[in-house]
Amino acid sequence: MRWKGKALPFFLVLQLYVLQVSANQEGIPQSLKHNKEWPLFEYGEIRKPTPTKGLLYPRESETREVRSLDGMWRLVRSDPKDPLQGIREKWYANSLRMSGKEVIPMPVPASYNDIATTDSLRDHVGTVWYERTFYVPRLWKDGVRTWLRFGSVHYSAIVWINGRNATSHSIGHLPFEADISALLNFGGENLVTVMCDNRLGNRTIPQGSVYQASTDKGTVPVQSYTFDFFNYAGIHRSVHLYTTPLIHISDLEVRTLYSSNGMGRIDYRLWVDASQAAEYQQMLVTNLRVVLRDRDGTEVGQQMNRLVYQGSLLVPSAKPWWPYLMNSDPGYLYSMEFQLVVACNEDDSGCALQDAYRLPVGIRTLSWSNQSLLLNGVPLYLRGFGRHEDSDIRGKGLDNALLARDFNLLKWIGANAYRTSHYPYSEESMQFADEQGIMIIDECPAVNIDIFEPQLLEQHMSSLEQLIHRDRNHPSVIAWSVANEPRSAKPGALEYFETLVTYTRSIAQGRPLTAAINASPSTCHLAQFLDIVGFNRYNSWYQNAGRTDMIVDQLTEEAESWRDKFEKPIIQFEYGGDTMEGMHSLPAFIWSEEYQVQLFSKHFRAFDELRGKRWFIGEFVWNFADFRTAQTITRVGGNKKGVFTRNRQPKEVAHLLRQRYFAIARELDHCPLPEDLTVYISRHSKHSRHNEL
Ligand code: BDP
């Protein structure tokens with residue numbers, strides 16, 4: 001979205017006012033605010049999100065340049081009591097050095113919270129400002145468009161280029177971009193300024209509330225939220241500057257099918273943006289050439305379309321996309337080249353390549369029934385994790401070293417899936433999952449939502465629309481999760497979720513819908529609308545702590561009641577217990593490594609009983625690694641339910657889980673076992689704890 005001319009200050013102030021109002025919960029009419037019962041709304045008139053356009057991941061090609069703006073930026077923190085000061089004083093018009101505030105160096109991408117040494121920045125509530133300078137070559141002035149793209153800024157952002165508004169966005173963890181050609185100094189220096197606001201309110205996704213707390217130094221705003229991870233903020237993912245030709249490919253969609261006779265099929269659709277090209281250029285006949293190459297770069301398919309931007313490509317003897325451990329060659333990706341070719345003469349002679357974009361494509365069929373989820377016709381049994389994008393110092397900032405380490409650990413432990421709890425993860429991680437064959441349950445940022453009402457629903461729908469638009473072309477995505485632990489037993493949840501799920505299904509791009517639910521089968525208003533029912537349950541932790549003899553029956557009974565009531569495939573999306581690394585206790589005692597081992601082992605027994613029933617299709621541990629939360633008396637430096645420490649080293653339970661995940665892979669798909677899965681004990685003893693091995 002571009003702001004124009006004089007309207008800017010008014011719209012900006014309006015937007016900020018709305019943000020502040022929702023953060024302060026003042027958007028709730030006084031008459032309703034004090035009611036015990038939240039009113040039930042009708043959603044018939046709900047505004048559907050405007051479909052996202054563009055936002056293809058920036059990739060270099062012979063017609064496109066990509067530059068990274070990652071690196072050291074400068075940051076200024078606003079006074080939490082006066083978050084709009086920078087707008088009033090137009091801090092974006094000059095360098096932030098002129099603001100009179102302390103300017104600190106700030107790496108991008110990273111959360112800003114843990115970079116400095118003060119709790120004022122770590123616990124900051126409100127706006128911070130970022131800036132950096134960059135050069136743009138003179139050559140980019142004519143014949144190309146220049147775009148600025150953010151992988152994500154949490155929670156909301158307003159962006160200026162050289163003091164003029166470029167774009168704005170809210171809802172963290174999702175990309176946004178703008179054509180900034182009209183704002184740039186070509187052949188000279190440019191300034192980009194970003195105001196980032198971390199406040200969460202009743203109508204943000206996720207929700208939170210800002211209240212005024214009395215302190216020894218007077219009243220200060222404090223952010224509260226019920227979700228169980230630290231509300232890290234800042235420019236969390238990469239910032240790119242990239243160019244496109246004037247007539248360019250603005251968007252792409254692919255869907256694939258793989259049939260048992262080895263035939264692959266790719267249906268594609270492409271959007272062309274010629275809005276900035278001169279009229280005579282727009283009238284040129286534009287052809288589309290599609291070339292499919294295998295992993296070695298050999299051409300295996302090709303098509304030429306005249307003025308038609310969609311079609312189907314058949315790939316005989318295709319190599320399908322398989323998940324890790326289901327096949328000896330998982331994560332097989334083709335490269336699909338889309339070339340826009342402008343014919344300079346009416347007879348198509350003198351063709352010139354106008355734009356080229358290459359998309360990695362995995363060919364697979366995803367299908368589901370009320371009993372199973374199938375990939376290429378084979379029923380899936382998912383074994384994996386709920387995770388977080390979280391690490392020390394960087395917070396939620398994208399870090400390729402961490403990403404590579406995490407995928408190595410996922411493969412080491414034999415997992416084949418994870419859920420992007422509780423928000424969309426980086427685009428780079430989605431690409432990695434495609435390549436490594438790790439299946440993704442892709443979750444929107446609606447965690448713990450409560451107080452259901454129309455404006456929240458609009459945001460919630462928008463978060464799903466943006467997520468699906470961003471991730472629809474990834475073969476690794478096998479389901480969309482519409483929420484984690486919403487208060488779905490509340491009466492207001494029924495119509496809210498019916499509307500949300502009906503809308504999401506209309507844009508679901510061939511994936512089933514699920515959610516991670518913590519209500520019970522008898523009270524939940526959401527499960528009935530889903531294709532796969534997922535539940536979170538902390539047997540022997542939040543219930544019956546210390547009693548690992550109370551897991552097997554309760555868990556199997558609960559799974560059966562979800563199944564009996566909804567007749568859908570069932571997954572357990574979360575189970576686990578906090579475990580301090582290095583704490584040992586014999587016999588097992590809660591928080592010890594032994595207790596985590598015992599708790600998991602009992603869950604395995606229940607899962608194996610359930611697996612026999614076929615409709616139970618997955619087990620997900622909470623959590624892959626320890627992670628930071630808000631400060632509470634139930635968390636020691638954060639949530640410790642990780643199988644790995646925050647520093648990505650295994651706790652004792654990791655070895656047990658590894659044996660189970662590989663045992664299942666061997667049983668179901670006959671995968672070879674890693675040599676170091678078991679260690680020598682004695683000539684006469686079994687080398688492993690697991691019978692299957
Ligand atoms: C679940 C939540 C998850 C928490 C977990 C826990 O979905 O975000 O971190 O509980 O308490 O209810 O560890």
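One-based numbering, in listed order, for ligands and for the atoms of each.
- Every protein residue with a heavy atom nearer than 4.0 Å to ligand 1 is included here: Asp228, His422, Asn484, Glu485, Asn536, Tyr538, Tyr542, Glu574, Trp622, Phe627, Arg635, Asn639, Lys641.
- Using modelled atom types and a 3.5 Å distance limit, the side chains of Thr226 and Asn448 yield a donor-acceptor pair.
- A donor atom on one side chain and an acceptor atom on the other are found under 3.5 Å apart for Tyr232 and Asp114.
- Across Arg547 and Ile551, no two heavy atoms sit closer than the pair O-CG1, 4.4 Å.
- Using modelled atom types, one side-chain atom of Arg472 and one backbone atom of His469 make a donor-acceptor pair closer than 3.5 Å.
- Side-chain N or O atoms of Gln207 include one that pairs as donor or acceptor with a backbone N or O of Asn202 at under 3.5 Å.
- Under 3.5 Å, the side chains of Tyr112 and Asn198 contain a donor-acceptor pair of N or O atoms.
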